[in-house]
Amino acid sequence: MTSVGITHDPAPARLAVGIVSAGRVGTAVGAALERVGHIVVGCSAVSEASRHRARTRLPESEILPVADVAARSELLILAVPDAELASLIAGLASTRAVSGRTIVAHTSGANGIEILDPLTEQGVVPLAIHPAMTFTGHDEDIVRLASACFGVTAADAIGYAIAQSLVLEIGGEPFRVSEGMRPLYHAALAHGSNHLVALVVDAVAALRVALEGQELLGQELIGDEPNGLAERVLQPLLSAALDNALRRGPTALTGPVARGDTEAVLTHLRVLEDVDPQIADSYRALSLRSAQRAGANSELLDILEDRR
């Protein structure tokens, strides 16, 4: 009997990775890549906060000037804020700091690969790999990357294959975003995540006022520090609402606006105005959008559009 040999795909090539700069995103991505065997050979860090993140998250990596990081890298990750990306790329291109064989990936959500043209013209492989995740600078950032989705844009099939391999290696889910749709993609993510934070913080502030002085015997006092009683009250409610919205869409909308309860909405506006007029303004604006989604009656729409 002839034995049949079993072959295995070779392990993905290990890359020498450079990070510019050692901010919340860059160090999290670098640490995630190191966990699967890549080596962060250098990172740039200017502020004391970024130097601390580099030393903490990437302790084996050298903190180097940008040009030295680029020179050492097979995969160069540009993790600077969006407003700084174009000038960084222009500087790297003008000094020819990046080898033509280098894979250059930026983490900007708003930009595709067109912004990398000055380096692409010098022979690099351009990639836009954006983790659809919020970063706080804490340990959970790295853990969350393993379950995040990543919006990728590349120039060709080879670029997409490289981006897909890198994302899958660290446990993420890659998906394509066309060059022309990057701004809309980014706007959708910002609208959902950033505005959710503002909404939750407003709700916490109002709930603290409602609960202050009513603490049960032995219960912690209502204070201004996060992760208190108000946050614990809201957490299961908000988690359920988010889960319902993602699973069931607009049908998940509940509450007085969805029911067309004009008197309840007017009461909410009045008491929120007493706490903070800006919170009341936010409630009005979001209630109007909810009412439009729910097909609310004209009386409620008039109140929320302030036509009465």
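Note that the structure is a prediction, hence the values are computed from the model and not measured. These numbers come from the heavy atoms of this one structure, side chains and all, not from hydrogens, waters or symmetry mates.
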Can a donor-acceptor pair be found, under 3.5 Å and without considering hydrogens, that links the side chain of [X] to the backbone of [Y]?
{"X": "E215", "Y": "G213", "answer": "yes"}
{"X": "Q122", "Y": "A93", "answer": "yes"}
{"X": "E179", "Y": "E114", "answer": "yes"}
{"X": "D141", "Y": "T136", "answer": "yes"}
{"X": "S87", "Y": "E84", "answer": "yes"}
{"X": "E34", "Y": "V40", "answer": "yes"}
{"X": "E273", "Y": "R270", "answer": "no"}
{"X": "S61", "Y": "L58", "answer": "no"}

Measure the [atom1]-[atom2] distance between [X] and [Y] for me, rounded to the nearest 0.5 Å.
{"X": "L85", "Y": "L116", "atom1": "CG", "atom2": "CG", "result": "6.5 Å"}
{"X": "L189", "Y": "M133", "atom1": "CG", "atom2": "CE", "result": "10.5 Å"}
{"X": "L238", "Y": "L199", "atom1": "CG", "atom2": "CG", "result": "7.5 Å"}

What is the minimum heavy-atom distance between [X] and [Y], and which atoms define it?
{"X": "A252", "Y": "A245", "result": "CB-N, 3.7 Å"}
{"X": "R208", "Y": "E225", "result": "NH2-O, 3.1 Å"}
{"X": "F135", "Y": "R24", "result": "O-NH1, 3.3 Å"}
{"X": "L92", "Y": "A70", "result": "CD2-CB, 4.2 Å"}
{"X": "E74", "Y": "T102", "result": "O-CG2, 3.5 Å"}
{"X": "R57", "Y": "A28", "result": "NH1-N, 3.4 Å"}

Sole residue of L127, V98, I113 in side chain to side chain contact (heavy atoms under 4.5 Å, CB included) with V104: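 Going through the options one by one, the only one that passes is V98.
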
Residue list, side chain to side chain donor-acceptor pair (under 3.5 Å) with R72, at least two apart or on another chain: E62

Non-neighbouring partners of E263 that pass salt bridge (Lys or Arg N to Asp or Glu O under 4.0 Å), sequence neighbours left out: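 E263: no salt bridge (Lys or Arg N to Asp or Glu O under 4.0 Å) contacts found.
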
Charged N-O contact under 4.0 Å between R14 and E169: yes

Pair E48 + R55, salt bridge at N-O below 4.0 Å: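 So E48 pairs with R55 through a salt bridge.
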
Connected via hydrophobic side-chain network under 4.5 Å: V233 and L196: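 Hydrophobic grouping puts V233 with L196.
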
same_hphob_cluster(I170, L166) at 4.5 Å side-chain heavy-atom cutoff: yes

Donor on one side chain, acceptor on other, R176 and T153, under 3.5 Å: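 There is no such pair (donor and acceptor under 3.5 Å, judged by atom type) between the side chains of R176 and T153.
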
Under 3.5 Å side-chain donor-acceptor pair for S50 and S47: yes

Within the 6.0 Å centroid threshold, strictly below: Y283 and H268: yes

